[in-house]
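Okay, structure first, notes after.
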Number of protein chains: 2
Amino acid sequence: MKVNKTTSKPRRKPAQSRSSNTVDCILEASAHILVSEGQGKLNTNHIAKIAGVSVGSIYQYFGNKETILAELGNRHIDEMLTIIMATLQKLPSLDLKEALETMVHAVMDAHKQEPQLHQVLVRELNKLDGYTRVEELDGVLLNLTESFLKSRAHEISSEDLKLASFVVMQTIENLTHQGVLFAPQIDLSKLTKECSHMLYCYLTG
Amino acid sequence: MKVNKTTSKPRRKPAQSRSSNTVDCILEASAHILVSEGQGKLNTNHIAKIAGVSVGSIYQYFGNKETILAELGNRHIDEMLTIIMATLQKLPSLDLKEALETMVHAVMDAHKQEPQLHQVLVRELNKLDGYTRVEELDGVLLNLTESFLKSRAHEISSEDLKLASFVVMQTIENLTHQGVLFAPQIDLSKLTKECSHMLYCYLTG
DNA sequence: ATTTAATGTGAGTAAATGCTCATATTATAG
DNA sequence: CTATAATATGAGCATTTACTCACATTAAAT
């Protein structure tokens with residue numbers, strides 16, 4: 001049976017500054033291990049050693065290993081959402097072609113934030129029972145895409161806006177993600193243009 | 001330091017039929033555990049129990065846990081390649097639009113083979129040091145796409161065929177993969193048309 | 001029928017890992 | 001300055017897990 005391990009067992013919340021520093025060290029060490037040594041080496045004793053902190057300190061602030069991953073995920077997803085949300089306000093004043101380019105560019109920027117960490121983190125968060133923020137992020141992006149397409153419905157030839165939203169959102173998400181991972185083998189500014197051009201052709205054609 | 005654990009330590013190869021049956025049971029049990037219980041529960045003792053086999057038997061045929069995953073990956077990738085290769089011969093006689101639809105359809109078929117297993121398996125294979133067949137599969141698909149685009153160069157407006165191949169290949173791969181995971185919420189035959197239509201617009205537009 | 005090779009078994013071992021707790025140190029409050 | 005709360009420590013326990021090995025069973029060879 002699967003149990004949510006990411007929210008139970010309440011722990012102390014940092015009050016003094018040194019303790020929130022400890023928390024940051026733990027999270028940074030975990031991120032570092034994930035990227036440079038892989039999930040297999042992510043164990044609490046090792047995290048403590050890399051963070052320069054004792055195991056006990058970890059369990060002052062995190063109920064278990066899973067909540068460390070969850071918090072790492074929360075922070076990362078929040079960063080991405082911030083970047084993407086900031087771009088939304090620019091869209092209404094732009095024409096369709098420009099708007100698509102801006103969207104792709106924004107998601108690209110979001111993915112440039114520690115792309116390796118993003119990849120490994122999403123992998124591991126998907127294994128975390130009860131952690132729903134990855135799906136939440138996807139849901140938000142899908143909704144944003146759909147309301148954007150609705151606002152441009154008169155310019156768009158597609159009949160099924162739900163399906164079109166799925167296609168647009170998945171295409172942006174995946175092409176930027178893969179592009180960033182393959183950079184600099186792939187020219188990201190060229191890819192941004194290519195991607196938005198494809199979507200423009202698709203939506204208008 | 002990272003070490004290839006997927007090829008070392010040679011083990012007995014099955015000679016009698018009961019032994020290759022044992023091997024199959026081990027692989028099937030592993031696949032079942034991965035899909036229904038997750039990577040966290042994939043340990044050799046549990047595999048043995050589910051397979052109805054003793055731990056010792058596992059180590060008669062697999063040098064370590066990693067080689068089980070590797071073999072599972074090999075078989076899965078071979079299946080996908082078989083399906084995709086079979087479609088290649090049809091392409092030359094088709095016009096661009098039909099050919100794209102056929103390609104998307106083929107990759108969709110390949111992904112319909114145990115989509116959940118595919119997802120988890122690719123996740124875990126990426127963590128396997130020394131296992132290169134996932135990248136190999138991607139490389140093959142990229143090359144096939146590129147030579148296909150070259151053969152249609154006169155119909156295609158794109159200047160950078162390498163970049164276009166990347167875009168086309170990634171788009172097909174991801175949209176089919178995600179589509180299959182979201183089915184039946186997503187209508188796969190509609191998605192196939194939508195995807196190939198988008199690529200057609202992109203390449204000719 | 002007997003020997004030999006192939007295959008199967010599972011208790012047991014060594015190592016890894018999540019986590020606790022008794023204790024020590026540091027900061028803040030009165 | 002003292003008392004109390006907050007924070008930090010790390011040895012060590014309980015559990016899990018990869019893997020071995022001495023032995024048992026089954027099939028093939030002669």
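So that the names make sense, note that chain A is the first sequence line, chain B the second, and so on, each numbered from 1. Quantities reported herein were computed from a predicted structural model and do not represent experimental measurements.
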Inset, instruction - Go through A:D187 and A:K193 one step at a time and tell me if the salt bridge (charged side-chain N to carboxylate O under 4.0 Å, His left out) criterion holds. - result: CA-CA 10 Å; A:D187 182 324; A:K193 276 182 193 151; over 6 Å; no
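- Summarising the geometry, the separation between CZ on A:F62 and C1' on C:dG18 is reported as 15 Å, rounded to the nearest angstrom.
- In this structure, A:K65 and A:T44 approach most closely via the heavy-atom pair CG-CG2, 3.9 Å.
- For D:dA8, neither phosphate oxygen OP1 nor OP2 lies less than 4.0 angstrom from any side-chain nitrogen or oxygen of A:Y59.
- Considering only side-chain atoms of A:R18, the nucleotide from D:dT9, D:dA6, C:dT7 that sits closest is D:dA6.
- One can place NZ of A:K49 at 10 Å from P of D:dG10, the figure rounded to the nearest angstrom.
- The phosphate of C:dT7 has neither OP1 nor OP2 within less than 4.0 Å of any side-chain N or O from B:T22.
- In this structure, A:L69 places its CG atom 14 Å from C1' of C:dG18, rounding to the nearest Å.
- Considering only side-chain atoms of B:S19, the nucleotide from C:dG18, C:dT7, C:dT9 that sits closest is C:dT7.
- Each of A:G56 and A:L42 lies near DNA chain C, and the nucleotide nearest A:L42 is the one positioned closer to the 5' end.
- Residue B:K65 has its side chain nearest to D:dC19 when only C:dG8, D:dC19, C:dT26 are considered.
- For A:D160 and A:S158, the side-chain atoms include no donor-acceptor pair closer than 3.5 Å.
- Taking only side-chain atoms of A:N43, from C-beta outward, the nucleotide of D:dT9, D:dA8, C:dT17 with the closest atom is C:dT17.
- In this structure, the CD1 atom of B:I58 is 9 Å from the P atom of D:dA18, given to the nearest Å.
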Inset, instruction - For A:R75 and A:E71, run salt bridge (charged side-chain N to carboxylate O under 4.0 Å, His left out): C-alpha distance rounded to whole Å, both residues' side-chain angles, the deciding distance at 0.1 Å, then the answer. - result: CA-CA 6 Å; A:R75 295 194 179 194; A:E71 178 61 16; 3.0 Å; yes
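- Between A:K127 and B:E124 there is a salt bridge, since at least one side-chain N of the basic residue sits less than 4.0 Å from a carboxylate O of the acidic one.
- Straight-line distance from the CD1 atom of A:I26 to the C1' atom of C:dC19: 14 Å, rounded to whole Å.
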Legend entry - Residues A:E194, B:Y202; criterion side-chain hydrogen bond (donor to acceptor under 3.5 Å, both in side chains); working and verdict: CA-CA 9 Å; A:E194 204 81 351; B:Y202 163 59; 2.6 Å; yes
Enumerate all atom pairs, one protein N or O and one N or O from nucleotides 12-15 of chain C, separated by less than 3.5 Å.
none

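- With rounding to whole Å, A:N64 atom CG is found 17 Å from D:dT15 atom P.
- Distance, A:Q39 CD to C:dT17 P: 10 Å, rounded to whole Å.
- Closest to the side chain of B:V53, out of D:dA8, C:dT9, D:dT9, is C:dT9.
- One interatomic measurement links the two molecules: CD1 of A:I68 to P of C:dT17, which rounds to 14 Å at whole-angstrom precision.
- At a threshold of 4.0 Å, the pair B:K90-B:E98 does not count as salt-bridged, since none of the basic side-chain nitrogens sits closer than that to a carboxylate oxygen.
- Side-chain atoms of B:S57 lie closest to C:dG8 of the nucleotides D:dT9, D:dA18, C:dG8.
- Classified by interplanar angle (parallel below 30°, tilted 30° to 60°, perpendicular above 60°), the ring pair A:H118/A:H76 is tilted.
- Regarding contacts with the backbone of D:dT9, a side-chain N or O of A:S54 is found under 4.0 angstrom from either OP1 or OP2.
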